[in-house]
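Down below is the structure, laid out as structure tokens.
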Amino acid sequence: MAASDGSSGVWTLSLRHVPPFTQAEVDKWANDSAKVPRAKMQKAYSNFIEGYVHDIEVQASESAVFVRAYAYPSMRKNNPPYRLTVKLSKSSPVEFKSTQCECKAGNGNCSHCIGLLYVLSHFQKLGLKAVPPFQSKTSMPQVWHLPSRTEGLTPKTVDSLEISKVKAEAQKPKKRKRVVEGILPNVYCPVKQPIPSVEFTSTLVQHLASFQSDAQILKSVRNPTDITMIDSSFGPVPFGSVLSYQQRPSTIETNIINHQNMPSFPEFILPHHDNDFTTVLNQSENEVYLGLQFNHASALELERETIHQGQTKLWHKVRQHRLTSSIFKDVCGRKADFEKLAERFLNKKNIQTAAMKFGIEHESAAAKLYSDITGNNVYLCGFVMNPSVPHLGSSPDRKVYDPNTVPMYGLLEIKCPDKDSFQDCPYLKKNNDNTYKLKHVHKYYYQIIGQLALTGMQWCDFLVKCREDYHKERIYMDEDKWVDIKSSLNKFYFEILLPEIVKQSSK
């Protein structure tokens, strides 16, 4: 969206054009020029430290800099966030020309816009060249005493419920109807289990059935072997019981630690990769690319913050405008119509197919199987970005500690196809010795090489878990293959995808 006053260009994450200013300058302007009440200033500072201001973008014109963002409402949690814009001078010392927000006080200098100015001054203090994908906890004032803020309210599991009802005026008690028939549940047996012995139960049922009795016990007592049990927070319980649906087992994944001397995985190396592709970017393209850049510490913290991958909003956000390892083969194997491929990447929707759903549901069990087979430690892994190639990214399924290998640290990539046997998987090639191996022309191989290159790991275990069997092999880093992959990715990104990003951002 283009800004007013004849501004041009695109909205980016680059902070290059934002003039330097401090929090003290914001306070001075608010007190002397804007005449903002102190209570509103305190609320603005709360908006800053509590992370209410987010999704910041910058656009520069010849005479001014426009910064837009969103801010959560402080009271109405389920309301959509407000959109706000501030206009700054391009020269230093900075002039705060105007502010605008969708809140009721938005025509003046509201707490949301001043909070945005506090955020920008904080970025200046940290020396950031681009808006970070998230606010680093170590760079902010301590906020451990503050509740976390998200967009809207998220329902949580209820363990107990107490209802207090105001007593109405006394009324004559209604005549109770005498119940002459018992309750006949369909899925849950209310009779205390077990009855003295299985033999007693079966004998009694056979005896009553021999003379065609319609006794109630025939409808309530069943053979214990016929009862379907499902998992709950308290272990297996009968299907249909209260615990079966009110105390479902936790779905939060955790690390699998077999070697207690290594409870955590060391930080990724994130090696430097030389950019052997040369091109000349126009101003808008350069601004977009600068907005993707980050430092080594931010990359490591981002990986820790996104270990639950698709379950976190941040994971989806940082993948935007980046080529991820799952599509490396799509780029490298393309021979024509690169523009259509770029449009597909930018306009794709997060659609979960039946095969994807099946794989996600069985991934945790496959990771547990791998740990049981190998005895290795298995750790969750988040989104990995390498500062030397900020336009690329990857999400390995797991990190692995194998004490019997040198080097001891590697990755794990899991595939759970909806098949009975791995022999039916078309991406596995059968060797002369009846063993199977991942085809090096398949997209999964490109994906693994990309993961190893960006993280700096030297090997990755590839596990294919099917219903009846599994396939496991170790794939090592191939530097020559990575050089070819990186060359194709850079050419596609800078010549095709980046201009398309600029084109869509300027709309």
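All residue numbers refer to positions in the sequence shown, counting from 1.
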Legend entry - Shortest non-hydrogen contact from F358 toward P417: CE2-O, 3.4 Å
Legend entry - Contacts of type salt bridge (charged side-chain N to carboxylate O under 4.0 Å, His left out), residue K129, not counting sequence neighbours: none
Legend entry - Test salt bridge (charged side-chain N to carboxylate O under 4.0 Å, His left out) applied to K437 - qualifying residues, sequence neighbours left out: none
Inset, instruction - Would you mind listing every salt bridge (Lys or Arg N to Asp or Glu O under 4.0 Å) that reaches into residues 286-299, with sequence neighbours excluded? - result: R16-E287
Inset, instruction - Go through the steps for D424 and S421 under the test side chain to side chain donor-acceptor pair (under 3.5 Å), then give the verdict. - result: CA-CA 6 Å; D424 300 327; S421 175; 5.1 Å; no
Inset, instruction - Verify, without hydrogens or angle tests, whether R322 (side chain) and V318 (backbone) share a donor-acceptor contact under 3.5 angstrom. - result: yes
Inset, instruction - Would you check if the side chain of R344 reaches a backbone N or O of N347 as a donor-acceptor pair within less than 3.5 Å? - result: no
Inset, instruction - Tell me, with the steps shown, if Q124 and L15 meet side-chain contact (heavy atoms from CB on, under 4.5 Å). - result: CA-CA 9 Å; Q124 300 276 1; L15 298 172; 5.8 Å; no
Legend entry - Side-chain heavy-atom pair F494, V280 within 4.5 angstrom cut-off: no
Inset, instruction - Using the test side chain to side chain donor-acceptor pair (under 3.5 Å), find all partners of D478 that sit at least two apart in sequence or belong to another chain. - result: none
Inset, instruction - Given side chain to side chain donor-acceptor pair (under 3.5 Å), test Y401 with N376 step by step and report yes or no. - result: CA-CA 6 Å; Y401 168 68; N376 298 336; over 6 Å; no
Inset, instruction - Please round to the nearest 0.5 Å and tell me the distance separating atom NE2 of H442 and atom NZ of K429. - result: 14.0 Å
Inset, instruction - List the steps and the verdict of side-chain contact (heavy atoms from CB on, under 4.5 Å) for K486 and L489. - result: CA-CA 5 Å; K486 185 180 64 171; L489 295 177; 5.5 Å; no
Inset, instruction - Please name the pair of heavy atoms, one in V378 and one in S371, separated by the smallest distance, quoted to 0.1 Å. - result: CG2-CB, 4.0 Å
Inset, instruction - For E473, enumerate each residue passing the side chain to side chain donor-acceptor pair (under 3.5 Å) test, keeping only those at least two apart in sequence or located in another chain. - result: H471
Inset, instruction - Kindly assign one of parallel, tilted or perpendicular to the pair Y444 and Y427, based on the angle between their ring planes and the thresholds 30° and 60°. - result: perpendicular
Inset, instruction - Would you check if the side chain of S488 reaches a backbone N or O of D484 as a donor-acceptor pair within less than 3.5 Å? - result: yes
Legend entry - Side chain proximity check, L116 to I56, heavy atoms < 4.5 angstrom: yes
Legend entry - All salt bridge (charged side-chain N to carboxylate O under 4.0 Å, His left out) counterparts of E495, not counting sequence neighbours: K491
Inset, instruction - Answer yes or no: are there more than 12 heavy-atom neighbours, outside Y470 itself, under 6.0 Å from its atom OH? - result: no
Inset, instruction - Side-chain contact test, heavy atoms from C-beta onward, threshold under 4.5 Å: evaluate it for N404 versus T374 and give yes or no. - result: no
Legend entry - Between CZ on residue F345 and CD1 on residue I501, distance to nearest 0.5 Å: 11.5 Å
Legend entry - Sidechain-backbone polar pair: Q309 side chain, C381 backbone, donor-acceptor under 3.5 Å: yes
Inset, instruction - Over all heavy atoms of both residues, which pair between V288 and L498 is shortest? Give the atoms and the distance, please. - result: CG1-CD1, 3.7 Å
Inset, instruction - Mark yes or no for whether T312, through its side chain, and H308, through its backbone, hold a donor-acceptor pair below 3.5 Å. - result: no
Inset, instruction - Please identify each residue that fulfils side chain to side chain donor-acceptor pair (under 3.5 Å) with Y446, with sequence neighbours left out. - result: K481
Legend entry - Residue pair F422 / D469: nearest heavy atoms and the distance that separates them: N-OD1, 3.1 Å
Legend entry - Side chains of M262 and Y409 in contact at under 4.5 Å (non-hydrogen atoms): yes
Inset, instruction - Please check if the distance between the ring centroids of Y493 and F277 is under 6.0 Å. - result: no
Legend entry - Test item: T405 side-chain N/O and M408 main-chain N/O as donor-acceptor pair under 3.5 Å: no
Legend entry - Whether W459 side chain and V406 backbone form a donor-acceptor pair below 3.5 Å: no
Inset, instruction - Calculate, to the nearest 0.5 Å, the distance between atoms CD and CG belonging to E305 and L302 respectively. - result: 8.0 Å
Legend entry - Any K472 side-chain heavy atom under 4.5 Å of F462 side chain: no
Inset, instruction - Identify, with sequence neighbours excluded, every residue that meets side chain to side chain donor-acceptor pair (under 3.5 Å) alongside H272. - result: D274
Legend entry - Rounded distance (nearest 0.5 Å) linking atom NE2 of H321 with atom CG of L13: 8.5 Å
Which side-chain N or O atoms in residues 382-389 pair as donor and acceptor under 3.5 Å with protein atoms at least two apart or in another chain?
| unit_1 | atom_1 | unit_2 | atom_2 | d |
| --- | --- | --- | --- | --- |
| N386 | OD1 | S388 | N | 3.0 |
| N386 | OD1 | S388 | OG | 2.7 |
| N386 | ND2 | P271 | O | 2.8 |
| N386 | ND2 | L454 | O | 3.1 |
| S388 | OG | H273 | N | 3.0 |

Legend entry - Partners passing ring-ring contact (aromatic ring centres under 6.0 Å, His included) against F268 (at least two apart in sequence or in another chain): F265
Inset, instruction - Looking only at non-hydrogen atoms, find the nearest pair between P396 and Q451 and report the distance. - result: CA-NE2, 3.8 Å
Legend entry - Nearest atoms (heavy-atom pairs only) where L292 meets F294: O-CD2, 3.1 Å
Legend entry - Polar side-chain atom of N377 near backbone of H259 as donor-acceptor pair, under 3.5 Å: yes
Legend entry - Over 12 foreign heavy atoms within 6.0 Å of CD, Q283: no
Inset, instruction - Look at the side chain of K329 and the backbone N and O of V441, then say whether any donor-acceptor pair between them is shorter than 3.5 Å. - result: yes
Inset, instruction - For side-chain contact (heavy atoms from CB on, under 4.5 Å), just list the numbers for E285 and V10, CA-CA rounded to whole Å, side-chain angles, deciding distance to a tenth of an Å, and then say yes or no. - result: CA-CA 9 Å; E285 294 169 352; V10 296; over 6 Å; no
Inset, instruction - Show your reasoning for whether side-chain contact (heavy atoms from CB on, under 4.5 Å) applies to L497 and F492. - result: CA-CA 6 Å; L497 187 60; F492 172 76; 4.0 Å; yes
Inset, instruction - State yes or no: are the ring centers of Y82 and Y70 separated by less than 6.0 Å? - result: no
Inset, instruction - Nearest 0.5 Å please: distance from the CG atom of L128 over to the OG atom of S298. - result: 7.0 Å
Inset, instruction - Scan for salt bridge (Lys or Arg N to Asp or Glu O under 4.0 Å) pairs involving residues 396-417, sequence neighbours excluded, and state none if there are none. - result: E253-R398, E303-K399, E363-R398, D402-R474, E413-K415
Inset, instruction - Under the side chain to side chain donor-acceptor pair (under 3.5 Å) rule, what do N490 and H391 come out as? Steps first, then yes or no, please. - result: CA-CA 9 Å; N490 287 339; H391 55 295; 2.8 Å; yes
Inset, instruction - Considering only NZ, NE, NH1 and NH2 on the basic side and carboxylate oxygens on the acidic side, decide whether E267 and R304 come within less than 4.0 Å. - result: yes
Inset, instruction - Using salt bridge (charged side-chain N to carboxylate O under 4.0 Å, His left out) as the criterion, list what pairs up with K368, not counting sequence neighbours. - result: D372
Legend entry - N431 side-chain N/O to D433 backbone N/O, donor-acceptor pair under 3.5 Å: no
